[in-house]
Amino acid sequence: MASNYDHKKFEKKWQKKWLEEKTYEPDLDSPKKPFYNLMMFPYPSAEGLHVGNMYAFTGADIYGRMKRMQGNDVFEPIGLDGFGIHSENYALKIGVHPADQAKVSEKRFYEQLQSIGNGFAWNERLETYDPEYYRWTQWLFVQMWKHGLAYRKKQSVNWCPKDLTVLSDEQVEGGKCERCGTEVVKKELEQWFFKITDYADRLLKNLDGLDWSEKVKIAQRNWIGKSEGAEIEFGIKKQELSIKVFTTRPDTLFGATFLVISPELAQKWMNGEWEAPAEARKYIQESLKRKEIDRLEEGKEKTGIFTGVYAVNPANKEEIPVWVADYVLGSYGTGAIMAVPAHDERDFEFAKKFKLPIKMVVCPHYPAKTCPVLDTAYIGEGHLVDSGKFNGMEARKAKWEIAKFVGGERKTQFRLRDWLISRQRYWGPPIPMIHCEACAAKNVGEQKAMPGWYAVPEKDLPVELPYIKNFRPTGSGVSPLAAEKSFYEVKCPKCGAPARRETDVSDTFLDSAWYYLRYLDPENKKSALNEKRVQKWLPAGLYTGGAEHSVLHLLYVRFMALALHDMGLVKFSAPGEDEPFKKFRAHGLLIKDGAKMSKSKGNVINPDEYIKNFGADTLRMYLMFLAPFEQGGDFRDSGVLGIERFLKKVWIYVIEWKENRDRVIQVEPRNLEVYTENIRNTDTTTKFQIHKTVKKVTEDVEALKFNTAISALMILMNEMRSDPADSGVISGKTLTDPELEMFLKLLAPFAPHMTEEIWRKVLGHKTSIHREPWPEYDPSMLREKKFILVIQVNGKVRDTVEVDAEVTEARAKEIALASEKVKTFIHGKKPQKVIYVPKKLVNIVI
RNA sequence: GCCCGGGUGGCGGAAUGGUUUACGCAGAGGACUUAAAAUCCUUGACCCGAAAGGGUUUGUGGGUUCGACUCCCACCCCGGGCACCA
């Protein structure tokens, strides 16, 4: 008798079997149809895997499983992004050494990742904190250095005064530390940077050719922030000085009624020959101190002060005052702007507050000679007025002419800044650089601009992270490694003099900027990557992950790929291709009962319990059934039951189907043919449904719409179970062997364990269902013989009639007009129009 | 403020110009059972009506169309991201 499916018995068993049989290990060296199914690897920074991780991995895995069955060699690796501040903070929180915690987390995470039933290629797993991995992360740093893409510079960084540590930009939320809520201050520190700005243009341009979630592309475009404009020089009266400003609106130059310089630039002046008035000096110093916090305060009023200096507007030779204000950024453009209050909201606000003149030069109601000043800045199109010889021109068209007129230089600015790569923390790959005082004094070194600096020779890599007791952040702006003499004392690789090793570690995002390359050959002891395999497997077929990485990981990883490509270190399969991921899809966010899951709310779902109670198959399907994958979903306990029932029904159906079939064969082996033939002739609705489902599921999985794919499988199951077949020996409709197998294969990516149990133990196949070819539908089976003709009167449905699929237009209209129900709405009037939509409806307009 | 999503039954959602609410959950009624669970069957937007039937309905208001959840315009609300980038 058909007993219930017991997931506890089967899931572990098949997971083990898949490992033994290497079901999900493709031939990395000679794949026939390589398909790299990559998903963002997790960072183990909590008690265990979050159900949100499982959501992401399951969706990607279902897609990968279909691709595998469609004949691709699918490579679906997994690993741990275990280095870095997330994991270190977790270790600090629970009071364990990060290196010890890593071992615990590794075991725990891998067990959990095993239990969700993904088709991971376990042989290729990697951990970023493994010296065999970070040896090559350091090697990449050295390559960046050698190619002039890594440099060192003094710059202000985010500093949390409570946690006594540097924070990365992404750890600053609304000007506050994401962990303790303390206001972040700025601190000047010497830092390592990667020249991502060199690639700004390419990173932007390449986006057009990428098949990525549109919101991610938009986020990257905004982050790169390309602006085309001009640099225009303003002379300063009575002094030899001049001020250069960057503007995207040279057409409004005649409306520039004052200049504003940033406090940073003002300070530079003060260090030079400028005698700042005491008031200004005070303002500059104060704003330099609290700038970052103030800027983020909502509804903050603009502040500023007059410098006492006047400049000359090069367009009309008018004298205009120079102000210093903190709404102008020192790090963007030239650090100075021309203020055109009539046509810029920020300048308008500033002019209003300090009663500075506002002059309209772009007029929306041309041909008025002058234009009244509006109560907000006018940023729209219009014609120029009050602009000398340019009067009457369309503002947009005059843009470059005016710039040229005053000798301005065309310039492109990017909002993107160089990537700050160094961290004053412990748990990361030490930056493989050595500084020699002796060489510095002699002004020699590997890079002219940075005397005394040498990369650690490649043969000496990795620079191992020592196991030290005092791994806590020091608060003094240096890494805890700076207290370890045995670590930092080295000899200069050039002159042999005593030198000092860099004690900062690199950003976690560098670890994750190349992991996908290492996956292809994680054991490689000779080089960072296996060029042949890289060329075969990349660009990846699909990359999936969270949208929160839109402008961090996803930008860094592209940058590194471009840089490696230019260094000649990687070549992808298509000639000239330099992007690693042609297709990227962001999964949605999983929430709980309408609210975000968070530890403070206590509503974080632990997948373990659900796997234990319902099984991985049920949880996988439930997560995918919630909503479209790219939209996210709302996790509610009650919904799990629906999937549990569905899988139970599948199990019972198959068991009964098998028992029934065996009984037929037992009586007389030849009966199977007769039996099958009978089925073939009796039931066409189910056959139609099967082929329709194959089409639907295939298309939906391809589009990552797993929710509707599951719904289609349910509809088919309901159909299979309805109306006892003519034979009367089995409840529900009877399928032929190939038909039942088609259904099972469609279900296999969603419920890999149960379908495998059925495939091999119930149906007796020798090899895995997950290596079976994906079912194809027969288009001729999809043709319906009849359809429901909808009859409308004035667009409202009044009747429906089942008609032959081949019905002619004339006949359909005739049927519609003959309908009794329709007649009562026509009231004997003559229809003005009768519209026929083939296979759909007739609309009678009266 | 700007950018991106989204607003459809009691709930998650389906439908991208053609029967609104597929599929699932919860609910109601019934069968089986000593009983419960499980399972199965029926029902299932709202209003009027005993019923037949009719009317209304996809955030709001307008428009295009024979026909609009779907396209266009304006507005409101929710979620997410960016935030003085000149």
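Lettering of chains follows the sequences in order, A, B, ..., and the numbering in each one begins at 1. Keep in mind that this is a model prediction, so the values were computed, not measured.
Panel note: side chain A/Y283, backbone A/D326; a donor-acceptor pair is recorded below 3.5 Å.
Contact annotation for A/V797: backbone-only contact, meaning every heavy-atom pair under 4.0 Å involves sugar-phosphate atoms and none involves a base. Among the atoms of the strands shown, base atoms are found under 4.0 Å from some heavy atom of A/I337. Across all strands, A/F825 comes closer than 4.0 Å only to sugar-phosphate atoms, never to a base (heavy-atom distances). No contact: A/R221 has no heavy atom under 4.0 Å from any strand.
When each of A/V790 and A/Q413 is assigned the nucleotide of RNA chain B with its nearest heavy atom, A/V790 is the one assigned upstream, toward the 5' end. Of the two residues contacting RNA chain B, namely A/K821 and A/K833, the nearest-nucleotide position lying further toward the 5' end is that of A/K821.
For the C1' atoms, the distance linking B/C23 with B/G5 amounts to 24 Å, nearest Å. Taking atom P on both nucleotides, B/U57 is separated from B/G9 by 14 Å, rounded to a whole Å. Rounded to whole Å, the C1' atom of B/U39 lies 11 Å from the corresponding atom of B/U33. Comparing the C1' positions of B/G55 and B/G59 gives an interatomic distance of 22 Å, to the nearest angstrom.
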I'd like a list of close polar pairs between nucleotides 1-12 of chain B and the protein, N/O only, cut-off under 3.5 Å.
unit_1, atom_1, unit_2, atom_2, d
B/G12, O2', A/L626, O, 3.1

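Judged by atom type and distance alone, A/E548 does not reach the base of B/G80 through any side-chain donor-acceptor pair under 3.5 Å.
Taking 4.0 angstrom as the limit, A/R645 places a side-chain polar atom (N or O) nearer than this to OP1 or OP2 of B/C25. For the OP1/OP2 pair of B/G81 and a distance below 4.0 Å, the side-chain nitrogens and oxygens of A/S550 include no atom meeting the criterion. Here A/Y332 reaches the OP1 or OP2 of B/A86: one of its side-chain N or O atoms lies under 4.0 Å away. Using a 4.0 Å cut-off, some side-chain N or O of A/N718 falls inside it from OP1 or OP2 of B/G24. Side-chain nitrogen and oxygen atoms of A/R415 include at least one within less than 4.0 Å of the OP1 or OP2 phosphate oxygen of B/A83.
Regarding A/N794, its CG atom lies at a distance of 15 Å from the P atom of B/U65, rounded to whole Å. Atom CG in A/L647 sits about 14 Å away from atom C1' in B/C23, given to the nearest Å.
Of the residues in residues 839-846 of chain A, A/K840, A/L841, A/N843, A/V845 come within less than 4.0 Å of RNA chain B through at least one heavy atom, sorted by number.
Considering only the side chain of A/K648, B/A38 comes nearest among B/C23, B/G55, B/A38. Comparing B/C66, B/U19, B/C84 by their nearest atom to the side chain of A/D326 picks out B/C84.
Checking B/U60 for Watson-Crick or G-U wobble geometry (two distances, each under 3.5 Å) identifies B/A74 as its partner. Across all strands shown, B/G81 is found opposite B/C2 as a Watson-Crick or G-U wobble partner, with both distances under 3.5 Å.
In this structure, A/R585 and A/D211 have side chains that are in contact, with non-hydrogen atoms separated by less than 4.5 Å.
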